[in-house]
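Here's the structure, in structure tokens; my notes come after.
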Protein chains: 2
Amino acid sequence: MVTMTGQTGAHATRRATTVAQLSHIGLQLFIENGFDETTVDEIAAAAGIGRRTFFRYFASKNDLPWGDFDELVERMRADLAAVPDSEPLYATLTRAVLDFNTYPASELQYHRERMQLLMTVPSLVAHSTLRYESWREVIAEFAARRLGEPVGSLRPRMIGWVYLAASLGAYEQWLHDPGSELLEVLRSALDILSERLTA
Amino acid sequence: MVTMTGQTGAHATRRATTVAQLSHIGLQLFIENGFDETTVDEIAAAAGIGRRTFFRYFASKNDLPWGDFDELVERMRADLAAVPDSEPLYATLTRAVLDFNTYPASELQYHRERMQLLMTVPSLVAHSTLRYESWREVIAEFAARRLGEPVGSLRPRMIGWVYLAASLGAYEQWLHDPGSELLEVLRSALDILSERLTA
DNA sequence: ACGTTACGTGGCACTCGGTGCCACCGCAAG
DNA sequence: CTTGCGGTGGCACCGAGTGCCACGTAACGT
């Protein structure tokens with residue numbers, strides 16, 4: 001169970017576990033026994049590491065279900081940066097949000113269980129707000145650049161908030177309706193944004 | 001400093017403190033020394049009550065800055081329920097959001113400091129998501145009734161999310177720009193919603 | 001081959017938020 | 001005066017998160 005991770009170049013050392021492994025083990029426990037009922041001690045024990053070490057992999061128990069979210073956000077940032085200015089703003093953002101939430105069929109069941117936790121366990125629901133900040137930031141940055149406005153101005157920020165709202169609304173709906181398709185619900189949610197909310 | 005609260009009718013007993021007093025004392029400490037640097041023990045001591053008693057007034061340290069938010073939400077629910085069907089949906093919601101965030105000039109400074117905490121301290125930012133749920137619910141309920149759709153369907157939920165997004169975007173902007181007027185920023189944010197987010 | 005250094009590990013003790021339990025006390029009603 | 005209710009707060013306990021440090025092992029220099 002010893003893995004090499006030589007990414008850092010010099011002074012690479014064996015790691016007893018990978019983030020992905022730990023995340024998987026923890027999530028399994030959360031699903032089986034409930035989030036609040038599962039202690040970090042139990043997760044560490046199940047993974048065969050010390051409690052202290054757990055907090056070197058994850059800043060908090062709340063971060064465990066998030067996996068490599070930050071990486072995905074960075075990928076979205078890069079993807080958006082590569083979009084030519086000829087592509088219309090809102091269509092690009094819609095496309096980006098759909099891409100961001102596109103998972104291979106094999107991972108869909110897992111993703112659903114993960115999101116079920118993130119959207120229902122109060123502690124996780126609360127914590128998620130902090131994780132979404134960087135996501136909104138990417139959207140706002142892109143919108144600001146396209147609109148020629150500072151990122152700090154109202155419109156880009158609002159666009160970030162509103163696209164997040166659409167995503168969360170879609171996830172809520174997807175989890176609520178077991179037969180639905182995530183991408184379809186997302187598409188519907190994003191469509192509502194493009195309607196005029198007047199009268 | 002002993003106050004009578006005989007609301008419950010029979011068996012009314014003196015309370016050593018009121019929620020408002022405690023909230024005020026705590027916020028003062030948060031502003032002066034920082035949220036994370038202030039312990040519940042210190043707040044309790046400053047208020048002259050026991051630590052155990054603090055948690056009978058507030059479910060958590062995070063709830064302290066919220067004051068009577070739930071009451072305001074209930075008022076909004078009642079206000080919306082009283083709006084005749086002849087009033088257009090989105091105009092009514094816009095009006096409701098503006099009313100909800102209308103404070104007497106004397107409380108504005110206090111409100112600003114409170115919101116500064118709620119929107120910047122990570123622990124509070126996270127927790128706020130849980131408090132906003134009931135707010136979104138009120139919006140969604142009204143929209144659902146007006147649209148003749150179940151509350152659980154996508155559109156009413158989205159409307160709840162999107163109006164929350166506008167509110168949070170406006171607050172972010174308001175706090176970011178010391179010279180701005182809350183209601184004006186809010187109005188601008190809500191206006192953006194009523195534009196078509198296309199092309 | 002040997003010492004040195006870097007680094008992942010994990011034990012220990014501590015802080016702080018939050019909870020269950022319970023004993024205490026004052027007020028109101030009988 | 002007695003009984004009962006309700007606010008109070010001390011005490012012990014749990015679990016998340018952190019600082020500190022000692023240990024072992026792999027990589028590196030000589």
Side-chain angles (χ1 to χ4, degrees), chain A residues 1-22 25-26 29-30 33-66 117 121-128 130, chain B residues 1-22 25-26 29-30 33-66 117 121-128 130:
Chain A
M1 196 72 81
V2 173
T3 317
M4 292 296 294
T5 59
Q7 310 92 332
T8 45
H11 300 301
T13 331
R14 78 265 143 254
R15 274 177 167 282
T17 334
T18 66
V19 170
Q21 279 171 29
L22 246 186
I25 292 172
L29 290 175
F30 290 163
N33 309 330
F35 182 82
D36 291 324
E37 288 69 32
T38 307
T39 68
V40 173
D41 281 284
E42 289 169 357
I43 301 168
I49 62 172
R51 163 193 163 72
R52 192 64 186 79
T53 304
F54 173 88
F55 287 107
R56 291 224 179 72
Y57 284 87
F58 298 94
S60 76
K61 182 185 171 187
N62 288 324
D63 283 310
L64 206 155
W66 286 90
L117 281 173
V121 176
S123 170
L124 294 175
V125 171
H127 182 72
S128 66
L130 304 176
Chain B
M1 197 72 84
V2 172
T3 317
M4 291 296 295
T5 59
Q7 310 93 333
T8 45
H11 298 300
T13 331
R14 78 263 141 257
R15 274 178 166 279
T17 334
T18 66
V19 170
Q21 279 171 29
L22 246 185
I25 292 172
L29 290 175
F30 290 163
N33 309 330
F35 182 82
D36 291 325
E37 290 67 32
T38 308
T39 66
V40 173
D41 281 284
E42 289 169 358
I43 301 169
I49 61 172
R51 165 194 161 72
R52 191 64 186 81
T53 304
F54 174 90
F55 287 106
R56 292 223 179 72
Y57 284 86
F58 298 94
S60 77
K61 184 185 172 187
N62 288 324
D63 283 310
L64 205 154
W66 285 89
L117 282 173
V121 175
S123 170
L124 294 176
V125 171
H127 182 72
S128 66
L130 303 176

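What you see below is based on every heavy atom in this structure, not just the backbone, and it leaves out hydrogens, waters and symmetry mates.
How far CZ of B:F58 is from CG of B:L64: 4.5 Å, rounded to the nearest 0.5 Å.
Rounded to a whole Å, the CD1 atom of A:I49 is 14 Å from the P atom of C:dG8. Put simply, CZ on B:F58 is 13 Å from P on D:dT8, counting in whole angstrom units. If you take CG of B:L22 and C1' of D:dT8, they are 13 Å apart, rounded to a whole angstrom. Protein atom NE2 of A:H127 is 13 Å distant from nucleotide atom C1' of D:dA16, rounded to whole Å.
For the residue pair B:S123/B:D36, the side-chain donor-acceptor check at 3.5 Å is not satisfied.
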A:K61/A:F30 under side chain to side chain contact (heavy atoms under 4.5 Å, CB included): CA gap, chis, key distance, verdict: CA-CA 11 Å; A:K61 182 185 171 187; A:F30 290 163; 4.0 Å; yes
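Using a 4.0 Å cut-off, no side-chain N or O of B:S60 falls inside it from OP1 or OP2 of C:dG17. Here A:Y57 does not reach the OP1 or OP2 of C:dG8: none of its side-chain N or O atoms lies under 4.0 Å away.
The side chain of A:K61 sits closest to D:dA16 out of C:dG10, D:dA16, C:dC22. Ranking D:dT18, C:dG18, D:dT8 by closeness to the B:R56 side chain, first place goes to D:dT8.
The base of C:dG20 sits with one of its N or O atoms less than 3.5 Å from a complementary donor or acceptor on the side chain of B:R52. Between the side chain of A:R51 and the base of C:dG10, no donor-acceptor pair of N or O atoms lies under 3.5 Å.
The stretch residues 35-44 of chain A comes close to DNA chain D through A:T38, A:T39, A:V40, each having a heavy atom under 4.0 Å from the strand.
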Got a list of side-chain donor-acceptor pairs under 3.5 Å for residues 42-52 of chain B, not counting sequence neighbours?
from: B:E42; atom 1: OE1; to: B:T39; atom 2: N; distance (Å): 3.3

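Counting heavy atoms from C-beta outward, A:N62 and A:F35 have side chains that approach closer than 4.5 Å.
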